Number of protein chains: 2
Amino acid sequence: MREGPDIARVAALVADPARSAMLIALMDGRALTATELAGLGGITKQTASSHLAKLVDGEVLTVEAQGRHRYFRLAGLHVASLLEALMVFSSDAAPPLRTGPRDPALRKARICYDHLAGEMGVRLFERMQADHWLADDLTVTERGNDKLAEIGLNLGNLPPSNRPLCRACLDWSQRRQHLAGRMGKAILDRVLALSWARRLPESRIICFSPEGERGFNRWLS
Amino acid sequence: MREGPDIARVAALVADPARSAMLIALMDGRALTATELAGLGGITKQTASSHLAKLVDGEVLTVEAQGRHRYFRLAGLHVASLLEALMVFSSDAAPPLRTGPRDPALRKARICYDHLAGEMGVRLFERMQADHWLADDLTVTERGNDKLAEIGLNLGNLPPSNRPLCRACLDWSQRRQHLAGRMGKAILDRVLALSWARRLPESRIICFSPEGERGFNRWLS
DNA sequence: CGAATGGTTCGGTTAGGATCGAACCATGAG
DNA sequence: CTCATGGTTCGATCCTAACCGAACCATTCG
């Protein structure tokens, strides 16, 4: 009788309006927090938490904990394919709501909690390692201190804290690591203070000016 | 808040075990009666009747009344694609309950609505792309037409239809794409007409003969 | 150390829907 | 016509799961 792959299990996960709203919101590959998703689904965070746990358990979503946030994202391409296949049914109407010009910008550079992420953040971090600003254990080398001084940054002046100075943080859009920790924050602060870039209100986008990007690239080279 | 396409509606239709069992049974494109489907779903005919009404109402199935029978079949290719997309999830993990000798055959070649799926289908599709039978936008190139002519297929002779000529369909067992659309159907029809393969009754398996497989491979090379 | 914020757990309520028995309608066979 | 069979409708039961309030845990900030 009832055999074969258990299609109903996954379908049931998508079958709830709140869950499907959250899934659609994640279709562009972004990673969103539980409270953001609760808002998008029109439910309280308790309910969202329960839904998200089910989706993760069902391997439809993956989580990544960062600080006190938990970032949820689709578990892979096959999930997006499934959602696309479902959208075919309601396709005749329903103009898609997303993918304004903001998305590419978000991939290029954005704030991740308090430090730089996206393409620019990843490039920074990889350059710091390749050029030995950082040692393998993520401590700052002498050359690192020199380079930081070039943009007016002296780690000795940072406010004390028990938060680690350097930490690697997984970048969702690039799937590589970028620099987090107090130093990540300090560098972003300098980038903003130098007017190399500015934050766009109501979003996580960091917008580099043309001169700012040139300055940043020159600094890395 | 909650906008966008109402994917939860269709997902809910598939989310019931009895309904999904019936849908899977229909994946080979056959049309079955309500009582047959009731048996396959492991439910009484009253319940099945209710389920089937919902599926028809939701445009997942179509009915055809003949005498005192009512034949149900999938509403279209997009339904089969959806079911395949769902099967992707239960394929890798979840030690399947049944691994008789039929499964390998099913993975090797099977019918997906009306076109070739499984290992053979995926190989065909990848070859078509690598060897430029198809352009990136899935239109048929001149070389493609030549190769199709080799097995006696002329796309100009296909019956007109508004169904797309070429479509990619995610393959459940392979997690890659295979060829659907009118051309996918036409190729499978030729493969069967050439006696390269035949359908096994009561299943979705497409069984290639040794010579048939050789012919198929030679055609691809 | 609080205070603030992001998230989870628990308990109780509620609504939807899957299920089947029984009765009913429609078609076809004899 | 009568009977058997395919299918639907109705009503009642029962179970699941979505939901939120409230309390709780964890992390960061001052």
Side-chain angles (χ1 to χ4, degrees), chain A residues 1-2 8-23 31-58 61-73 111-115 158-165 167 169 180-182 184-186 189 204, chain B residues 1-2 8-23 31-58 61-72:
Chain A
M1 298 309 104
R2 299 192 193 174
R9 190 186 60 84
V10 186
L13 289 174
V14 188
D16 181 82
R19 283 198 292 261
S20 69
M22 299 195 256
L23 290 172
L32 298 178
T33 68
T35 6
E36 284 169 324
L37 288 167
L40 291 167
I43 46 178
T44 63
K45 56 189 174 137
Q46 310 95 289
T47 310
S49 176
S50 153
H51 283 314
L52 292 168
K54 280 172 196 169
L55 290 170
V56 170
D57 184 61
L61 294 184
T62 58
V63 221
E64 227 172 300
Q66 266 175 28
R68 58 179 166 181
H69 296 265
R70 299 189 73 198
Y71 285 95
F72 294 85
R73 108 175 63 158
I111 196 168
C112 173
Y113 193 59
D114 60 5
H115 54 269
L158 290 187
S161 156
N162 53 358
R163 180 177 164 198
L165 186 62
R167 250 193 72 227
C169 172
R182 275 186 302 150
K185 169 172 164 51
D189 289 346
R204 297 167 62 198
Chain B
M1 296 304 104
R2 298 189 192 176
R9 188 187 63 83
V10 185
L13 288 174
V14 188
D16 181 83
R19 283 198 292 261
S20 69
M22 299 193 257
L23 290 172
L32 299 177
T33 69
T35 9
E36 284 172 322
L37 288 168
L40 291 166
I43 48 179
T44 64
K45 54 187 174 137
Q46 312 92 289
T47 312
S49 176
S50 151
H51 283 314
L52 292 168
K54 280 173 196 166
L55 290 171
V56 171
D57 184 62
L61 295 184
T62 58
V63 222
E64 228 172 299
Q66 261 174 34
R68 58 178 168 181
H69 296 266
R70 298 188 74 198
Y71 286 95
F72 294 86

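Below, read A as the first sequence line, B as the second, and so on, with proteins coming before strands; counting in each chain starts at 1. Quick caveat: nothing in here was measured; it's all calculated off a predicted structure.
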A.B. asks: D/dA18 P sits how many Å from A/Leu55 CG, rounded?
C.D. replies: 10 Å
A.B. asks: Shortest non-hydrogen contact from B/Ser20 to A/Ala8?
C.D. replies: OG-CB, 3.7 Å
A.B. asks: If we check side chain to side chain donor-acceptor pair (under 3.5 Å) with A/Glu64, which of these qualifies: A/His69, A/Arg73, A/Arg70?
C.D. replies: A/Arg73
A.B. asks: Specify the separation, in whole Å, of atom CG of A/Leu37 and atom C1' of C/dT8.
C.D. replies: 15 Å
A.B. asks: Atom pairs, N/O to N/O, protein against nucleotides 13-15 of chain D, distance under 3.5 Å?
C.D. replies:
none

A.B. asks: Any side-chain N or O of A/Thr47 under 4.0 Å from OP1/OP2 of D/dA18?
C.D. replies: no
A.B. asks: Run the side chain to side chain contact (heavy atoms under 4.5 Å, CB included) check on A/Met22 and A/Leu40 step by step: do they pass?
C.D. replies: CA-CA 6 Å; A/Met22 299 195 256; A/Leu40 291 167; 5.5 Å; no
A.B. asks: A/Asp57 CG to D/dA17 C1': how many Å, rounded?
C.D. replies: 15 Å
A.B. asks: How long is the line joining OH of A/Tyr71 and P of C/dG7, in whole Å?
C.D. replies: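 Spelled out: OH on A/Tyr71 to P on C/dG7 is 8 Å.
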A.B. asks: Looking at B/Lys45, does any N or O in its side chain come under 4.0 Å of the phosphate oxygens OP1/OP2 on C/dC20?
C.D. replies: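 Looking at the OP1 and OP2 atoms of C/dC20, neither is under 4.0 Å from any side-chain N or O of B/Lys45.
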A.B. asks: Closest to the A/Ala18 side chain: D/dC20, C/dA18, D/dC19?
C.D. replies: D/dC19
A.B. asks: With hydrogens left out and only the distance checked, is there a donor-acceptor pair under 3.5 Å joining A/Gln46's side chain and the base of C/dG7?
C.D. replies: no
A.B. asks: Look at the side-chain N and O atoms of B/Arg70 and state whether any lies under 4.0 Å from the OP1 or OP2 oxygen of C/dT27.
C.D. replies: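 B/Arg70 to C/dT27 OP1/OP2: no side-chain N or O under 4.0 Å.
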A.B. asks: Taking the side chain of B/Asp16 as its heavy atoms from C-beta onward, which of D/dC19, C/dG6, C/dT19 lies nearest to it?
C.D. replies: C/dT19
A.B. asks: Please tabulate, one pair per line, all N/O donor-acceptor pairs under 3.5 Å involving side-chain atoms of residues 47-58 of chain A, not counting sequence neighbours.
C.D. replies:
{"residue": "A/Thr47", "atom": "OG1", "partner": "A/Thr44", "partner atom": "OG1", "Å": "3.1"}
{"residue": "A/His51", "atom": "ND1", "partner": "A/Arg19", "partner atom": "NH1", "Å": "3.0"}

A.B. asks: Once you round to the nearest 0.5 Å, how far does CG of A/Leu37 lie from CD1 of A/Ile43?
C.D. replies: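 Going from CG on A/Leu37 over to CD1 on A/Ile43, the span is 8.5 Å.
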A.B. asks: Between C/dG7 and A/Ser49, is there an OP1 or OP2 to side-chain N/O distance shorter than 4.0 Å?
C.D. replies: no
A.B. asks: Taking for each residue the nucleotide of DNA chain D bearing the nearest heavy atom, is the 5' side occupied by A/Thr44 or by B/Phe72?
C.D. replies: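 Final value for this comparison: B/Phe72.
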A.B. asks: Out of curiosity, B/Thr33 OG1 to B/Tyr71 OH, how far, rounded to the nearest 0.5 Å?
C.D. replies: 6.5 Å
A.B. asks: Would you mind reading off the distance between A/Lys185 atom NZ and D/dC29 atom P, rounded to a whole angstrom?
C.D. replies: 8 Å
A.B. asks: Between B/Ile43 (CD1) and C/dG21 (C1'), how many Å, whole number?
C.D. replies: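 Rounding to the nearest Å, CD1 of B/Ile43 and C1' of C/dG21 are 15 Å apart.
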A.B. asks: What's the closest nucleotide to the B/His51 side chain, out of D/dC20, C/dT19, C/dG7?
C.D. replies: C/dT19
A.B. asks: Between A/Leu52 (CG) and C/dT9 (C1'), how many Å, whole number?
C.D. replies: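 Spelled out: CG on A/Leu52 to C1' on C/dT9 is 15 Å.
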A.B. asks: Could you tell me whether the side chain of A/Val14 reaches within less than 4.5 Å of the side chain of B/Val10, counting heavy atoms only?
C.D. replies: no
A.B. asks: As a test of reading the structure: which of C/dC20, D/dT8, C/dG7 is closest to the side chain of B/Ala34, going by heavy atoms?
C.D. replies: D/dT8
A.B. asks: On the nucleotide C/dG6, are OP1 or OP2 found under 4.0 Å from the side-chain N or O atoms that A/Thr33 carries?
C.D. replies: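 No, no such contact exists.
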A.B. asks: Write down the distance between NE2 (B/His69) and P (D/dT8), rounded to a whole number of angstrom.
C.D. replies: 12 Å
